[in-house]
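To start, the structure itself, in structure tokens.
Because the structure is a prediction, the values reported are computed rather than measured. Below, each value reflects all heavy atoms present in this structure, side chains not excepted, and no hydrogens, waters or symmetry copies.
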Amino acid sequence: GSSRSGAGPWGRDGCQARRLLQWPVRPPIAAARPAMGDALDGASPRADASITRSGDDMGFIVSAAKLSFLTNSHEKLKLTIRLRVHRKLSEGSTVAATVKSFAETSFATIVGWITAQTCRLAFMEVLEPLHASGKLKDLLSRLFYTALVMVVIPLVEWALRRNTLHHSTHFLADQVRLVKVCLPMFYAWAWKDLVSAALGLAGSSFWPELVATLSMTSILVLVEVLPCYRRAAKAVKTGGDGDTPLARMVVMFGNLGLATGFAWNSVFSWAPKRAFALVTSPMFVCMIQFVYYLAVTSFIIFLTTRCAARREDADKSCADTGGASADEEKGASAQHSGDEHSDLVVSSTSSALQDIEEAGKSVTMVALHFVYAWAQLDTVNALFFTYLLGCKSPTECHYRYNFYFAVGVSFVFARAATVFKLEQRRSDWNKASTQVMSKALSLNTGWAWANYCTTAIAQAQKQEPITPFWMYLICTVFAWLCISFLHRKFEVERRAWDRHCREEAEMYELSLR
């Protein structure tokens, strides 16, 4: 043994125990037996048995220590592996859900846009004998398409509300899910194009656009606070007998964020458009657009954080104060019975004003999120098309460049969306910026492909003697066909990944949300 005493925190015995845990281990009694020599040979049988028994006890203690050490190491290793597998599967599930939402929004944007263009051209063919200006015909065609959408889309949504193929994996079930995802984008594009045509009649004047935008926003706010709208929204959300086609028609007015956002984008982008007219260098155009993007982003994120903070303060205040007890209310009504009617009027007025404020915040913030999406897309377009290629807009460049741009944007934006979803932001500002940016990425991907379709169809019209309506109709059918098969392939791969995650979770006894 060691000649030092008190070495280490456990003394000499602690040092000896640590040496015993090293592999391989030689029992100290057995190791000391040859060195004892004749002393052991001359010892009594009883002493020799005692020494042997002490050696066996020490060997048992060492074996138990080894077993405990190996057991603890195995548990730690098992826990580490389970944590790594759980983290990997959770991240994979998050990525799959993010990519699914990203792809569906992009698909819906493309088919919603090209279907709206085809129907507009169809109505333009009908209005061709009408002696009117092109802007008026465009407005009437958009109006007819919007009216058609307001009737047809709620009926289709109502018919598909109880889809029996929800859990099916067949091709037809995937197509039904794709149609249900694309339906809201149809009337979103219809109202957006209608607002665009209406603002086009006013030209590029700032004040008419501002008045029209404020009027539209105010009307939507008032619609959302109406009792009939709230009853319809609740009926559609909960289902049941109240979920009727009429209720779905009423609820559609609460999903006009794209149209309201386009109107507000016309107001916000008025100043940079005036600045673009004063410069000719693509570099200056790109710089002005980038400064506008930073200003709009800062303003929208500031409003988002402020609204979120006020909402949290209101919820905390309601949770802290609570409501008055029934006895207190009864006593107060007995003491102030003469003021009962006036208190009721004041309470109703305060509640109505609060509802209007909340609806105004909701409508405005949804519209501003679309304003940010357009600012983001215009900035990327200014960098790629204006600065690098020298084009004034994406539709003025060749369709090949639009195709390269759309493919690159699809991969880069999809990757960015998954990274933003996986990362955890700490400050409220970073959380709001990530949320706003994530919502815009999928929309801008769809708009990039819409620009490609516009340039590709324009190039095909120069080479084929086909009217614009029939050209867009052919391209619409082809787009639906491609997106249907892409969506089917995406759903198959997503279900395979989900099945893999479930199998891995069962193997490692994990639970995934």
Side-chain angles (χ1 to χ4, degrees), residues 76 79-106 257 261 264-265 268 289-321 357-380 383 409-445 494 497-498 501 504-505 508 510-513:
K76 292 181 179 178
L79 178 61
T80 302
I81 294 176
R82 293 179 74 243
L83 290 177
R84 290 183 178 180
V85 172
H86 184 270
R87 187 183 303 111
K88 179 181 177 181
L89 295 179
S90 299
E91 292 180 355
S93 301
T94 303
V95 170
T98 304
V99 174
K100 177 179 181 295
S101 177
F102 183 91
E104 288 180 346
T105 303
S106 300
W264 278 107
N265 183 67
F268 276 85
Q289 178 61 41
F290 186 72
V291 172
Y292 165 73
Y293 171 73
L294 292 180
V296 168
T297 301
S298 302
F299 176 71
I300 293 175
I301 294 176
F302 173 76
L303 289 182
T304 303
T305 53
R306 291 292 298 174
C307 291
R310 293 190 61 178
R311 189 180 300 110
E312 292 179 359
D313 293 340
D315 295 341
K316 186 181 299 184
S317 176
C318 292
D320 293 339
T321 59
E357 181 183 0
E358 292 298 327
K361 289 180 183 179
S362 177
V363 172
T364 303
M365 294 311 303
V366 170
L368 290 180
H369 287 174
F370 282 102
V371 172
Y372 171 82
W374 262 296
Q376 183 188 79
L377 181 62
D378 291 340
T379 303
V380 179
L383 176 63
V409 161
S410 300
F411 284 100
V412 174
F413 282 7
R415 178 58 181 170
T418 56
V419 171
F420 292 153
K421 190 66 175 180
L422 292 175
E423 292 181 349
Q424 299 294 331
R425 307 291 180 174
R426 294 184 177 180
S427 65
D428 295 336
W429 183 276
N430 292 333
K431 290 179 181 179
S433 62
T434 302
Q435 178 185 3
V436 173
M437 190 176 298
S438 300
K439 292 180 179 180
L441 294 176
S442 56
L443 290 172
N444 289 338
T445 301
R494 184 185 61 83
W497 172 254
D498 292 342
C501 291
E504 291 291 322
Y508 291 96
L510 300 173
S511 60
L512 296 178
R513 291 183 298 175

Within a strict 4.5 Å, meaning less than it, do heavy atoms of the [X] and [Y] side chains meet?
{"X": "Leu441", "Y": "Phe420", "result": "yes"}
{"X": "Arg310", "Y": "Lys361", "result": "yes"}
{"X": "Leu368", "Y": "Leu303", "result": "yes"}
{"X": "Phe370", "Y": "Leu443", "result": "yes"}
{"X": "Lys88", "Y": "Arg84", "result": "no"}

Gap separating the [atom1] atom of [X] from the [atom2] atom of [Y], nearest 0.5 angstrom:
{"X": "Ser298", "Y": "Tyr293", "atom1": "OG", "atom2": "OH", "answer": "9.5 Å"}
{"X": "Thr364", "Y": "Trp264", "atom1": "OG1", "atom2": "CH2", "answer": "6.5 Å"}
{"X": "Ile300", "Y": "His369", "atom1": "CD1", "atom2": "NE2", "answer": "7.0 Å"}
{"X": "Asn444", "Y": "Thr105", "atom1": "CG", "atom2": "OG1", "answer": "11.5 Å"}
{"X": "Phe102", "Y": "Thr445", "atom1": "CZ", "atom2": "OG1", "answer": "3.0 Å"}
{"X": "Tyr292", "Y": "Thr297", "atom1": "OH", "atom2": "OG1", "answer": "9.0 Å"}

Test your reading of the model: is there a side-chain donor-acceptor pair from [X] to the backbone of [Y], 3.5 Å cut-off?
{"X": "Ser442", "Y": "Ser106", "answer": "no"}
{"X": "Thr305", "Y": "Phe302", "answer": "yes"}
{"X": "Thr434", "Y": "Asn430", "answer": "yes"}

For residues [X] and [Y], report the shortest heavy-atom separation together with the two atoms involved.
{"X": "Gly257", "Y": "Val366", "value": "CA-CG1, 3.8 Å"}
{"X": "Thr98", "Y": "Ala417", "value": "CG2-O, 3.7 Å"}
{"X": "Gly261", "Y": "Val371", "value": "O-CG2, 3.6 Å"}

Are there over 12 heavy-atom neighbours, none belonging to [X], within less than 6.0 Å of that residue's [atom1]?
{"X": "Arg306", "atom1": "CZ", "result": "no"}
{"X": "Lys421", "atom1": "NZ", "result": "no"}
{"X": "Gln424", "atom1": "CD", "result": "no"}

Inset, instruction - Could you give me the CA-CA distance, side-chain angles and deciding distance for Phe299 and Phe268, then say whether side-chain contact (heavy atoms from CB on, under 4.5 Å) is met? - result: CA-CA 11 Å; Phe299 176 71; Phe268 276 85; 3.9 Å; yes

